[in-house]
Amino acid sequence: MKMYFAIGCGGSIGALLRYLIGASVPQAGNFPSGTLCINIIGCFAMGYLTNFVKRRYFADKPALAKALTTGMIGAFTTFSTVSLETALLVQDGMAHIGLIYLASSTAGGLGALLLGLRLSPDPVQKEQSI
Amino acid sequence: MSIIFVLAGGWLGAISRYGISRRVETFWRNDFPLGTFLINITGSFLIGLVYQADWGLSCQNFLAVGFLGSFTTFSTLFLEIVQLGSRKRITIAISYLLSSYIIGILLAFLALSI
């Protein structure tokens, strides 16, 4: 029950941050630059936090760890908006922009997540290698 | 005022995502991340319906920005893809990514044309 409540609170913060950032990123023509920025930042944070919450500090705080990753970052990033924006671009005869959007989301998301993981060394693996 | 709707929707969306993922994990034993997949494609269909419905800004903020934005996730999808990749499940990783995009967009498109 505590876990659900914590994840919900993380989700509220993530959704609010997405709303605020989405409103402040300038629209680049028909290209959904707001969602792209949000998803790339979120993928970096997800990579970084995935290793970060393995630290000993979080060992007895599983609800806090899940609230940060699954709750906050999971909610900050969004898939449904990507689908909707791409479908709208296709509907308006701009399928090529939709393809560029998907390609940049994929490359950006994957790259940012790997960078986040790299910059936040896995504490469990580090202890084992010593 | 719109912030309240985003916060409430985001709260419910994250909890629903976690609850459904947990439920799917109890019976699904395959490496394919079925929970996130089902959540993302369902959310893609529903956001198309909400976009079309024109129920006003408050409803849009609660359902589309708050609930469905928070319910579906992009970062977990890519985390799962990286985890599949590190376990050499490349075929599953690629089919997971492509099926999420293709089915998600088709369902959003379908919802827009209903």
Side-chain angles (χ1 to χ4, degrees), chain A residues 3-20 22 35 38-47 49-50 66-67 69-91 98 102 105-106 108-114 116-117, chain B residues 2-3 5-19 21-22 36-37 39-48 50-51 61 64-79 81-83 85-86 97 100-113:
Chain A
M3 183 65 99
Y4 278 87
F5 182 78
I7 288 175
C9 292
S12 286
I13 297 169
L16 181 65
L17 288 173
R18 173 162 40 76
Y19 176 72
L20 295 175
T35 313
I38 285 161
N39 280 339
I40 290 177
I41 296 168
C43 280
F44 175 82
M46 185 59 104
L49 288 173
T50 296
K66 279 275 178 198
T69 53
T70 308
M72 187 176 76
I73 304 302
F76 177 64
T77 62
T78 179
F79 187 85
S80 51
T81 309
V82 176
S83 298
L84 177 66
E85 286 164 340
T86 310
L88 287 170
L89 284 169
V90 173
Q91 200 176 48
L102 289 184
S105 296
T106 307
L110 201 57
L113 200 132
L114 289 170
L117 284 171
Chain B
S2 50
I3 284 175
F5 289 102
V6 174
L7 287 173
W11 202 80
L12 288 173
I15 284 177
S16 309
R17 170 160 43 79
Y18 180 66
S21 297
R22 285 284 300 268
T36 313
F37 173 76
I39 286 163
N40 278 341
I41 62 166
T42 310
S44 297
F45 179 74
L46 294 176
I47 205 169
V50 173
Y51 180 84
N61 280 331
V65 182
F67 182 77
L68 292 171
S70 169
F71 180 59
T72 62
T73 179
F74 193 81
S75 51
T76 305
L77 185 149
F78 276 88
L79 180 65
I81 285 173
V82 167
Q83 285 167 342
S86 68
L97 179 69
S100 295
Y101 276 151
I102 294 169
I103 298 172
I105 293 161
L106 279 177
L107 286 176
F109 203 80
L110 181 72
L112 287 174
S113 50

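Chain identifiers are assigned alphabetically (A, B, ...) following the order of the sequence lines, protein sequences preceding nucleic acid strands; residue numbering begins at 1 within each chain.
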Side chain, backbone, both or neither: which part of [X] has a heavy atom under 4.5 Å from chain A?
X      : result
B/L79  : both
B/L68  : both
B/S100 : both
B/L106 : neither

| task | Using the side chain to side chain contact (heavy atoms under 4.5 Å, CB included) rule, take A/T77 and B/T76 through it: C-alpha gap first, then chi angles, then the decisive distance, then the call. | result | CA-CA 9 Å; A/T77 62; B/T76 305; 5.9 Å; no
Select, from [options], the one with the greatest count of heavy-atom pairs under 4.5 Å involving chain B.
options                     : value
A/I38, A/T70, A/I40         : A/T70
A/L114, A/I13, A/L88        : A/L88
A/G74, A/G11, A/G109, A/G42 : A/G74
A/C9, A/A87, A/G116, A/G47  : A/A87

Measure [X] against the heavy atoms of chain B and call it side chain, backbone, both or neither at under 4.5 Å.
X      : value
A/S105 : both
A/L117 : side chain
A/F76  : neither
A/L16  : both
A/M3   : side chain
A/T50  : side chain

Closest non-hydrogen atom pair between [X] and [Y], with its separation:
X     : Y      : result
A/Q91 : B/F109 : N-CE1, 3.9 Å
A/I7  : B/A14  : O-CB, 3.6 Å
B/T73 : A/F79  : O-CB, 3.6 Å
B/S70 : A/A75  : OG-CB, 3.1 Å

| request: Please determine, among B/S21, B/A108, B/G66, the option with the most heavy-atom pairs under 4.5 Å with chain A. | output: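 Most pairs with chain A among the choices: B/A108.
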| said: For the interface with chain A, which of B/G104, B/G69, B/G43 has the highest count of heavy-atom pairs at distances below 4.5 Å? | reply: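 Max contact count across the listed options: B/G69.
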| query | What distance do A/I41 atom CD1 and B/S75 atom OG have between them, rounded to the nearest 0.5 Å? | reply |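 So the gap between those two atoms works out to 12.0 Å.
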| request: Could you grab the distance from atom CG of A/N39 to atom CG of B/L77, nearest 0.5 Å is fine? | output: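 One finds 10.0 Å between CG of A/N39 and CG of B/L77.
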| Single hit among B/I3, B/L12, B/L7, B/V6 for side chain to side chain contact (heavy atoms under 4.5 Å, CB included) with A/S12 |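 Between A/S12 and the candidates, side chain to side chain contact (heavy atoms under 4.5 Å, CB included) is satisfied uniquely by B/L7.
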Student check: side-chain heavy atoms of [X] and [Y] closer than 4.5 Å:
X     : Y     : result
B/F74 : A/T78 : no
B/V65 : A/Y19 : yes
B/W11 : A/F5  : yes

| said: My understanding is that only residues two or more places apart in sequence, or in another chain, count here; which of them pass side-chain hydrogen bond (donor to acceptor under 3.5 Å, both in side chains) with A/S83? | reply: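 Partners of A/S83 by the side-chain hydrogen bond (donor to acceptor under 3.5 Å, both in side chains) criterion, ordered by chain and then number, come out as B/S44.
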| query | Can you name the side-chain hydrogen bond (donor to acceptor under 3.5 Å, both in side chains) partners of B/Y101, sequence neighbours left out? | reply | A/T106
| B/T72 side-chain N/O to A/S80 backbone N/O, donor-acceptor pair under 3.5 Å | yes
| request: Assess whether atom OH of B/Y51 is packed by more than 12 heavy atoms of other residues, nucleotides or ligands within 6.0 Å. | output: no
